[in-house]
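Quick notes on the structure that follows.
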Protein chains: 4
Amino acid sequence: MVSLADFGPEVRAEVKQVREVVASLHEQLVKWNLVVWTAGNVSQRLRTADLMVIKPSGLRYEFLTPSSMVVCDLDGNVVDGSESPSSDTASHAYIYRHMPDVYGVVHTHSTYATAWAATGREIPCGLTMMGDEFGGPVPVGPFRLIGSEAIGRGVVETLERSEVSCGADAESWSFTVGRDAEAAVKAAAMTEEVAHTMWAASQLGDIIPIAQEDIDKLNDRYQNVYGQH
Amino acid sequence: MVSLADFGPEVRAEVKQVREVVASLHEQLVKWNLVVWTAGNVSQRLRTADLMVIKPSGLRYEFLTPSSMVVCDLDGNVVDGSESPSSDTASHAYIYRHMPDVYGVVHTHSTYATAWAATGREIPCGLTMMGDEFGGPVPVGPFRLIGSEAIGRGVVETLERSEVSCGADAESWSFTVGRDAEAAVKAAAMTEEVAHTMWAASQLGDIIPIAQEDIDKLNDRYQNVYGQH
Amino acid sequence: MVSLADFGPEVRAEVKQVREVVASLHEQLVKWNLVVWTAGNVSQRLRTADLMVIKPSGLRYEFLTPSSMVVCDLDGNVVDGSESPSSDTASHAYIYRHMPDVYGVVHTHSTYATAWAATGREIPCGLTMMGDEFGGPVPVGPFRLIGSEAIGRGVVETLERSEVSCGADAESWSFTVGRDAEAAVKAAAMTEEVAHTMWAASQLGDIIPIAQEDIDKLNDRYQNVYGQH
Amino acid sequence: MVSLADFGPEVRAEVKQVREVVASLHEQLVKWNLVVWTAGNVSQRLRTADLMVIKPSGLRYEFLTPSSMVVCDLDGNVVDGSESPSSDTASHAYIYRHMPDVYGVVHTHSTYATAWAATGREIPCGLTMMGDEFGGPVPVGPFRLIGSEAIGRGVVETLERSEVSCGADAESWSFTVGRDAEAAVKAAAMTEEVAHTMWAASQLGDIIPIAQEDIDKLNDRYQNVYGQH
């Protein structure tokens, strides 16, 4: 079995730094009301080796520390850590293996994103910040049982079909991806915010759609021009 | 009248530890928005004696300390403590006497769980995390007046009829049970979260039900396989 | 003009203590999401003189201190304080002059209580904790312009007509009263909570009413038996 | 290119003070739930020179400091600061050039204000505090793409057409203005609060309108008589 000692100092240094980043980003899940109790998890893929750092299973958020984060390979095998990794580890690993630009994955059950998913509806694109961040509606993926890589496969299929840069939403869960864990957490926070706003708008009346050419302009500016997003 | 001095050092040590646990779990009720003002209460049954530790009546959450927690026997008589026990004590005691696997009970009036109850509707099972945690819809129990064990009797009947592992909800109150107080508080937080999500989904359109065989698989994995839930 | 120096040491001691109580209770308005920015105010009547202590006008909550609280007589004239009193002072004073058992008054624009009021609907009594605290539906008073005692007159008429022990709600504002300021703040928090829950229930379907004789039993137990409410 | 060294000590002193004010007001956007992640921005125009201080682009709220605030002229050119200014800078600048009484501008995507905007509906005036603060319904402006002064032009047209003293709301964004940045942040918080309340009321039934002459009295008293608003 592979252990962290089999890797060089550059990898071990990145592991240390990414453990701090991933532990700290879990606080943002609580801050922006994306999770309850132990639900939800964040991971980040390393740049220096085919490894990822992910939340341990079942620990309450106030007890998460950098050293409790688990290091796994991209098949989901534990490489370092005293806790068991999240039960969504196989799905995170599947996403990293199949989406080479993705270095951050976040899974939540945030309230309004999940409400749309539970009715099988995509979230319509009626907000400029959806054009900015997602480039279109937030799609709904298929129902899949937890515990294997099946959910990860559903996320990859859904994101590729929709050609959205990040932000997936399938029945009763929400997955977002990004170029690092912070970008994926931001996408998760934005997904819940637009899910809430579009939900509230849907109770008032018809949502005014944004023309696709305007969505494309918004997304292009935000993803390519806007320096520090 | 029985007092704590009639019990041995092992029991007195467990009382001290459980008072800390129960006091601290009340902070979680506030953190996850399950209570307002002095509403809501948590108790835990001891392992070393037929006693339970419960919140005092009418104290504001910021004034709760381990030493203000009240020790009662399983008929609800006070054994130790300078405050009066919660006015729901008889119902907690009834549950412990009739559900021998239960060592934690939580009562709240959390907003969305109570909203479902006030219309007499069970909360439908349209979320994987409901399958995980509850193994089916969250049932609604009968209306009962407070101040005797009648509410506790309603909870026991409702949970046994539904064969759910935890999570009961009857008109204008929510009771959850678990293998300790932390598990029951977790169930209370999950009950409110799924009540909120299913409520929001119900405003969008039809909720897609999860097939019972999938619910059974989710619940079995979560309750039996998932190590640290 | 009367000043605090015209009163004896017992009154000045009560003023000092009530200023601390009233300042500190404003934090509870923020904690339970009852106010935004500078909206909302709390007052308490003294036991030792015909005076009241009330929030200054227009100060942000983080800048409130005991010494910034304003002392007025029961006609709303300032007796001590360097700030102007709340623009609702005349209405608080009117309530104290006409309801001799009332020693605490709270005014908020809390979201869901105000939503019911804006449609002219009373909040139906479908929750045991409404029976406990209010003894019936939360009534809606008449529309009145701010700046005179007109709103206070509307509150007194509404509470007397409904025979509820506390908790009034009229178009676009919420007033609650109690035997001290803390009881009135508690009533304000409970009003918003039941307004939110009954609102959510109304979106699901018909609310199951509680029989009036059960409401009466709940209210009697809570107001007369329950020791520390 | 102009730099801060080209201005005298009075201007440099005001820049220092306004940087503190603007940085600190961003905390209020988080406190009152008006923003998520890096969305939203506050600016204030100087009294001593044709300059403004605005939030840097893309920084998370917990990392904002006075020194990270950017100083721009009223065409949006950077005069001082190591960060890029908000991508809404040109719109803030347009508003200051065309509304000479305005010295504070706030932009958010707050949930319920944006929900009304996404359906093209103005927020009806059914609350006394809307009469106080806004003097009428909150209007909806036109859809405009971000990145130029086009949004600012939409805000100015919308506010002038409606003759409201502050508070504009257009498709998928909310802009508020005031006599300084604090007044504009207050207007943003009030806009979201009344948007939430009027939204909740609209789900219950018909909102009772306030007569225009009463709105005018409320607004006149609040804007002209009420000392410390």
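All chains are named by letter (A, B, ...) in the order of the sequence lines, taking the proteins before the strands, and each is independently numbered beginning at 1.
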Practice prompt. Please state whether the side chain, the backbone, both or neither of C:M130 comes within less than 4.5 Å of a heavy atom of chain B.
Written response: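 Neither part.
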
Worksheet item: Do the non-hydrogen side-chain atoms of C:T128 and B:H109 ever get within less than 4.5 Å of each other?
Response: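 Side-chain contact under 4.5 Å: yes.
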
Let me have the donor-acceptor pairs involving side chains of residues 200-207 of chain C, under 3.5 Å, with sequence neighbours excluded, atom names and distances please.
{"unit_1": "C:S202", "atom_1": "OG", "unit_2": "C:W199", "atom_2": "O", "d": "2.6"}
{"unit_1": "C:Q203", "atom_1": "NE2", "unit_2": "D:Q203", "atom_2": "O", "d": "3.1"}

Item to complete: Flag yes if more than 12 heavy atoms outside B:Q212 fall under 6.0 Å of its CD atom; otherwise flag no.
Response: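 It does: B:Q212 CD has more than 12 such atoms within range.
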
Item to complete: Any salt bridge (charged side-chain N to carboxylate O under 4.0 Å, His left out) involving residues 54-78 of chain B? Give me the pairs, sequence neighbours left out, ordered by first then second residue.
Response: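 Pairs touching residues 54-78 of chain B that pass the test: B:R60-B:E62, B:R60-C:E182, B:E62-C:K31, B:D75-B:R97.
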
Worksheet item: Where does the angle between the aromatic ring planes of B:W37 and C:W32 fall among parallel (under 30°), tilted (30 to 60°) and perpendicular (over 60°)?
Response: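 Tilted: the ring planes of B:W37 and C:W32 meet at 30° to 60°.
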
